[in-house]
Structure formats: structure tokens, C-alpha cells
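Accompanying notes for the structure given below.
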Amino acid sequence: MLDSILKKAFVEAFQMLYQKQPDLQHVVFQKTRQEFEGDVTIVVFPFTKDLKKSPEMLATEIGSKMVEILPELNRFNVVKGFLNLVIDDSYWLKFFTEMSDNSDFGTTKKGQGKRIVIEYSSPNTNKPLHLGHIRNNLLGYSVAEILKANGYEVVKVNLVNDRGIHICKSMLAWQKWGQVAPEQAGIKGDKLVGEMYVRFDKELKLQVADLVDQGFAADEAAKRAPLMAEAQEMLRQWEAGEHETKKLWETMNGWVYEGFDQTYEKMGVDFDHIYYESQTYLLGKELVLKGLEDGILYQKEGGSIWCDLTADGLDEKLLMRADGTSVYMTQDLGTAQLRMDEYPSEKMIYVVGNEQNYHFDVLKLVLKKLGRSWADAIEHLSYGMVELPAGKMKSREGTVVDADDLMNEMIETARQTTTELGKSTDLEADEADKLFYQIGMGALKYFILKVDPKKTMLFNPAESIDFNGNTGPFVQYTHARIRSILRKAIESGINTDDSSFIIKQLPFKEKSLIRLLSQFPVVLAQSGENRSPALIANYMYELAKEFNQFYQTEPILKEENLKLRAFRIHLCSFVAFTLRKAGGLLGMQMPEKM
RNA sequence: GGUCCGGUAGCUCAGUUGGAUAGAGCAGCAGCCUUCUAAGCUGCGGGCCACAGGUUCGAAUCCUGUCCGGAUCACCA
């Protein structure tokens, strides 16, 4: 808002002074650095060459002209080629009175009338959710919320990989060595099925080792192992729709979903539509066969179907096996088509790890070749892996950080810390539990989301996630502090509703806060464009920090000037509102007390 | 080997289309609670922005090369 006003004035001043149009690309405003006076700075270096003037000269001329034509500008100063503009207090006060009670503050209408489908989570039913899924889920959920706040209609979908050989492995292991339901075993369903998968792997390794001892080569042994043959036989029976196999499959998947639902609920994420690969995996085949018919795809000896992408700098890609079964890509072609049919949309975002960059390049290219004009709507939100100090998580080596365990640990740490600080003594048990949950999850969510999605990040289980400094609880604490002030204001009968908070002179700290608050819509819009909750997290931190400095030095309820006091109370409420809103975009709850 | 991504303080991370003396937090040290919540605030120390060139008024940011790390290139998903 401010930027566009300034830009217009700059261009106008420029034209009046030099009778020509400035290169708009160079008309860029940035925050003035702390050590100089001013709110907004424009760099005039780019214009010096064309006009053959010194930077100081140019900046001074433009500055004077802008102050002349723009009432929102109070004064300016020039340091080398930097024109620092001082915005008049009246502008900030106007912004404050208009926005501080506006419940839509921050949201934009950018995406109005446009739909975006976002897929995240996408679990396998043979493995419990782990730390990697946590990043995936939190990112997906948060980006969805951010896009909603930018006016888009967002459809959150989950694609569950519920079929395939890996599921059969778990089923087989359960038949052989399990035979108890989760309730009897006393563990969550997804954990039980996960254990069975691990068990299969272990037993299979033993068989393979035996065969190797008998003189078989390693790869040959893997193929000959009886367990593997049994698993493959089970998959065939599944595909043939054999009753008992299907029944077992349904039962075990049911256990898994029950477990997943608990985890999702604790994580605070949800979906509008859940797709199952078992229901969609056949659709891709039609597309592939049609592509073959149209001569876009080709067959190799044996009958497998391929797509040639060498002209695009990629390889040949298998789309259907010789035996007619589908591969990963086949399924994804089908699901993309299905999704576009069901939810025609501007964008289809897939929140999937960066290890699959190649897969998505291929997916888009193949769809394009198959004549799908909407292929470009597919967007891979490619995020970095979460690594442990020892490197990548490996389920076989038992170095995965389980999602449920981690969340429980966070909540437990929150309980301990809060108790040590003596802050939960006056709370009822259920209130206290809610608080520990909010703080523990707040710490986790902030920790994950403050990092740029595309970067690989490190998680050290030995050092628990911090509660001090640049953390979720820091922001939550700031919010709780403000709420406490507002409660006290009401208790002591201070009327916070009237308009007596209008003041004329804006003190320094207050101005910094308001200036920062005015940035929120800009940050929100940008985080939507970049699909980056990290921008929101960093903003929230900056705002909380700025508030704490204000809080530390300025009296609020104890301020004797009543107008100023009312103004400060109002400002507090505006900050709390914005923190809550920003937190909501990250899935963080803001406690009233902590 | 080809392709893609990354390398910023001891550690974890910011640094928006190139801008002023590169910022936070943690860890370390020193202060601030009889006054609105000390999960807070203030101060100190800590940097060849991997390396070498180039582009220009100006480069952590753009280009080229080198080194290091990661991902990926399956009739796996």
C-alpha cells in the first residue's frame, strides 16, 4: 500500500524534474537501516548514469519534490545515493485506526475465485509416520492455510499408498508371526503393522543369507527366497480380488488408518479428501494405452511401454511393465488426471521431498506429451530432508524418529519446563494438559517451519528443541503476556473500546511496532507466492521481539497519560491479534496464559 | 559419469527481484525481578559469506571454473 503510493510519487517527481520516465524496474523501496533516520529508502544509483548527475544531487532533488507533492511524507535525508524518506506520523496513525480492529487484517484477495489443490502427507500403510512426515504435514497444512488467507479456495488432499508388494509383506508377516490385533497387543495399529513389515525384512534376510551360504549370488538369492515368492503370490491374489486376502488387507489397513488418524489429530492437520491408490492405480493404465495408440508412446520387445524424453534432456521412462502392471509413474498420471477432473484448479501442489524432483519433472513432461494442457498446473513443492547428526534417517538401522514419540516428548518437556517455572500451579488438570500440548506442539511446529522449506535441516534428538530465544514458546509467551495485560485492563475497568486512544505524536517504540504491523499483509502475500511458512515464522518472531522491547521499557497500564495509555492498550491488542493470526497460519495455538 | 540442490559465527538458522558497517537464537561471559508474566530485557566476545576469477557505481546474492556435502538417473514406491 505504502509502496504503491511512494512509487507513484517517485515517478511523478521524476517526470516533473527530468521530463522522462524512470525505469520502473529500479524503483524499489526497502526498509531504512536502523542507524539512519527514515522509514523507507530508495536507491538512486541506477538513475545517475542516464541523467548524468551525482547521486547526492539526484536524491536531494527527488526527495524535495516528493515531499512537496506527497502529504504522507514528512521529510527526507540523503546519504550517498540513498534517499531516506520519513513517513509522517499521520500515515501510521491512520493505518492503526483503520486496521487495529479489522478482523480481516493481513488477508489478501489475490487468489479470489481461484482454486488450488494441495496434496501432502501421502503415507505408506506399512510404516508409521516419522519426523520426515512431520515436516511434510506441517508444511502442507501451513501452506494451505497461507493460501486460504490469500483468498484462494484450497482443497487439501491426501493420497494414501495402500497397495503393493510392501503391504503384502506386512500381511504375510502378520499371518506367520503376528496374529494379534492392536488392542490385544496394546499398541497403535500403524505401529503393529510397521513392526510386521520390519519382521518380514528380518526373516527375509535370514533366508537370503542361507541361500548365499548355499552358493547363490546375492541378487539371485533375493529372488529365490521363499518368503519373497509368497509375498508376490499374495500380491497376485490381491489383484485378482481373492476374498481372504482382501479381507486381511482391509482389516490391517483399518488398523493403520486408526493409528494415522490419532497422529494427524495430535499434529493438528486434516484433509478435505483422501485418495487411495488402490482406487486410482488402474486409471493411469488407460492414459498410457491411449498414448501408445496415438503413437506418442512406444513398446519395447517384451511389451513394456515407454516414453522417450531424451529430446528434453531426460532419459527414457518406463510407464508400464511387460506384464501389464503399473509402476509409480503410471499411478501418478492417473491420479493427476482424476484430481484435475474432480477439482479443476489453477494449481495442483504436491508437497513431496526433493528426492523426487526427477519424478515430477518426468510427470509433467509425460502429461504434456499426452496432450494435457494443464500439465503446467502441477507444482512440486520440493522440500529438503530432515537429517539427524548421523545423517539420513534409515528405518532399517532403527534411526527413524517416530512422529508420535517426538510429539509426546515435546509435550512432556513442556510439562516439565512449565512446572519448573511454577506456572501451572493455579490451573485445573485439563487446562494444564491443554497448555502443555499447545506449548510442546508450538515449539515443534515453529522449529520445523521456521526453516526455508527447500533446505535440508538438521534435527538433533540429543538436544531437545529449545523453549527460549527464537522459538515457538517465545512467541506464545509474548502473546500470553499481552493477553494478561488486556485482562487486567478490563478488570480494572479501563474502557478500551472508545476512541480516546487517538494521539497526535507517535513515540518511537510504538512507531516501530506499527511499522512492523503494517508489513504483515506484505509478508503474508509473499509467503503465499513463495509457498514458504518460514517467512511467517520469521515475521512472528520479529514482531514478538519488537513487542518485548517495547514492553520492557514502556509502561502500559501504569502510564499516567490516559490517552497514551489507551493507545498502548490498543496497540497491545493489535499485536496479540496479529501474532494469533500468524500463529494460526503455522498451525500454532496461542495460549491465554503461560 | 550426467542432471539437480546446497556450502553464511563453535552449533541451528535469517538475509525478498544485486545496495549502506552481513543479522538472530543457542552455547560462553557480565548485568536487570518490593513496579503490567525473567519462557523476558540489556551489554560483551565471536565472520576470508567454501575457494578463485568475472560482470558494475556496488556482489553473501548474478555468471564461469574448482573443492566439499546431499539427492537422483530401476520392469521399487
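A, B, ... follow the sequence lines: proteins, then strands. Residue 1 opens every chain. For the numbers below, each heavy atom of this structure counts, side chains included, while hydrogens, waters and symmetry mates do not.
- Comparing the same atom, C1', in B:A39 and in B:G45 gives a spacing of 25 Å after rounding to whole Å.
- Using a 4.0 Å heavy-atom cutoff across all strands shown, A:Q549 reaches sugar-phosphate atoms only and no base atom.
- Using modelled atom types and a 3.5 Å distance limit, the side chains of A:E420 and A:Q416 yield no donor-acceptor pair.
- Both A:E35 and A:G164 lie near RNA chain B, and the one whose nearest nucleotide falls closer to the 5' end is A:E35.
- Contact between the side-chain N/O atoms of A:K455 and the OP1/OP2 oxygens of B:G7 is found at a separation under 4.0 Å.
- Distance noted for atom P between B:U3 and B:U66: 11 Å (whole Å).
- Of the candidate nucleotides B:A24, B:U21, B:C75, B:C75 has the atom lying nearest to any side-chain atom of A:R321.
- The distance from atom NZ of A:K454 to atom C1' of B:G7 is 14 Å, rounded to the nearest whole Å.
- Atom C1' of B:A60 sits at a distance of 28 Å from the matching atom of B:G43, rounded to the whole Å.
- Regarding contacts with the backbone of B:G19, every side-chain N or O of A:K80 stays at 4.0 angstrom or more from both OP1 and OP2.
- The interatomic distance linking A:D50 (CG) with B:C57 (C1') rounds to 15 Å, in whole Å.
- At a threshold of 4.0 angstrom between heavy atoms, the contacts of A:N530 with the nucleic acid are absent.
- With hydrogens and angles left out, the side-chain atoms of A:Y446 and A:N470 include a donor and acceptor closer than 3.5 Å.
- Using a 4.0 Å heavy-atom distance criterion, A:V28 is classed as a base contact.
- Ring centroid separation for the pair A:F47 and A:F10 comes in under the 6.0 Å cut-off.
- For A:N470, counting side-chain heavy atoms from C-beta on, the closest listed nucleotide (B:G25, B:U16, B:G19) is B:G25.
- Rounded to a whole angstrom, the distance from the C1' atom of B:C13 to that of B:G6 is 14 Å.
- Contact annotation for A:V43: base contact, defined as any heavy-atom pair under 4.0 Å involving a base atom.
- Stacking of the aromatic ring of A:F45 onto the base of B:G19 is found: the ring centres lie under 5.5 Å apart and the planes are inclined by under 30°.
- What separates CD of A:Q34 from P of B:A22 is a distance of 15 Å, to the nearest Å.
- Shown here, B:C33 is classed syn by the O4'-C1'-N9-C4 or O4'-C1'-N1-C2 angle, which is within 90° of 0.
- Taking 4.5 Å as the limit, some side-chain heavy atom of A:N161 sits within range of a side-chain heavy atom of A:H166.
- Regarding A:E301, its CD atom lies at a distance of 13 Å from the P atom of B:C75, rounded to whole Å.
- Atom C1' of nucleotide B:A24 and atom CG of A:D466 are separated by 13 Å, given to the nearest angstrom.
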- Query: Tell me, what's RNA chain B's dot-bracket, Watson-Crick or G-U with both distances under 3.5 Å, | for other-strand, [ ] crossing?
  - Reply: (((((((..((((.....[...)))).(((((.......))))).....(((((..]....))))))))))))....
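- Annotation for A:P128 and A:F260: closest pair CA-CE2, 4.3 Å, computed over non-hydrogen atoms.
- In terms of heavy-atom proximity, A:S573 sits nearest to A:I482 at N-CG2, 4.4 Å.
- The side chain of A:V327 lies closest to B:A77 when the candidates are B:C13, B:A77, B:A20.
- Within the 4.5 Å cutoff, the side chain of A:V401 has no heavy atoms near those of the A:V386 side chain.
- For the P atoms, the distance from B:A24 to B:C63 is 29 Å, rounded to whole Å.
- Base engagement by A:N84 is indicated by at least one non-hydrogen atom pair under 4.0 Å involving a base atom.
- Distance check, rounded to the nearest 0.5 Å: CE of A:M588 to CG of A:L449 gives 9.0 Å.
- To the nearest angstrom, P of B:C26 lies 14 Å from CD of A:E463.
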- Letter per nucleotide, 5' to 3', of nucleotides 69-74 of chain B [B base touched, S only sugar-phosphate touched, - untouched; heavy atoms, 4.0 Å]: --SSS-
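- Looking only at side-chain heavy atoms (C-beta outward), A:W249 and A:M234 stay at 4.5 Å or farther from each other.
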- Reading 5' to 3' through nucleotides 30-39 of chain B, protein heavy-atom contacts under 4.0 Å coded B for base, S for sugar-phosphate only, - for none: -----SBBSB
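- In this structure the side chain of A:M329 reaches within 4.5 angstrom of the side chain of A:H359, judged on heavy atoms.
- Using modelled atom types and a 3.5 Å distance limit, the side chains of A:S382 and A:N357 yield a donor-acceptor pair.
- Residue A:Y275 contributes atom OH, which lies 21 Å from atom P of B:A77 at whole-angstrom precision.
- The residue among A:M457 and A:T471 whose nearest nucleotide of RNA chain B lies closer to the 5′ end is A:M457.
- Taking the C1' atoms as reference points, B:G10 lies 41 Å from B:U34, given to the whole Å.
- A:K454 places none of its side-chain heavy atoms less than 4.5 Å from the side chain of A:N354.
- Going from the C1' atom of B:U61 to that of B:U8 covers 11 Å, rounded to whole Å.
- Counting non-hydrogen atoms under 4.0 angstrom, A:P46 reaches a base of the nucleic acid.
- The gap from the P atom of B:C5 to that of B:G65 amounts to 13 Å, rounded to the nearest Å.
- Using a 4.0 Å cut-off between charged side-chain N and carboxylate O, A:E431 and A:K593 make no salt bridge.
- Contact annotation for A:Q476: no contact, since no heavy-atom pair falls under 4.0 Å across all strands.
- Between A:E546 atom CD and B:A24 atom P there is a gap of 12 Å when expressed in whole angstrom units.
- Results of the side-chain hydrogen bond (donor to acceptor under 3.5 Å, both in side chains) test with A:E554 over A:Q549, A:R568, A:K509 single out A:R568 as the only residue that passes.
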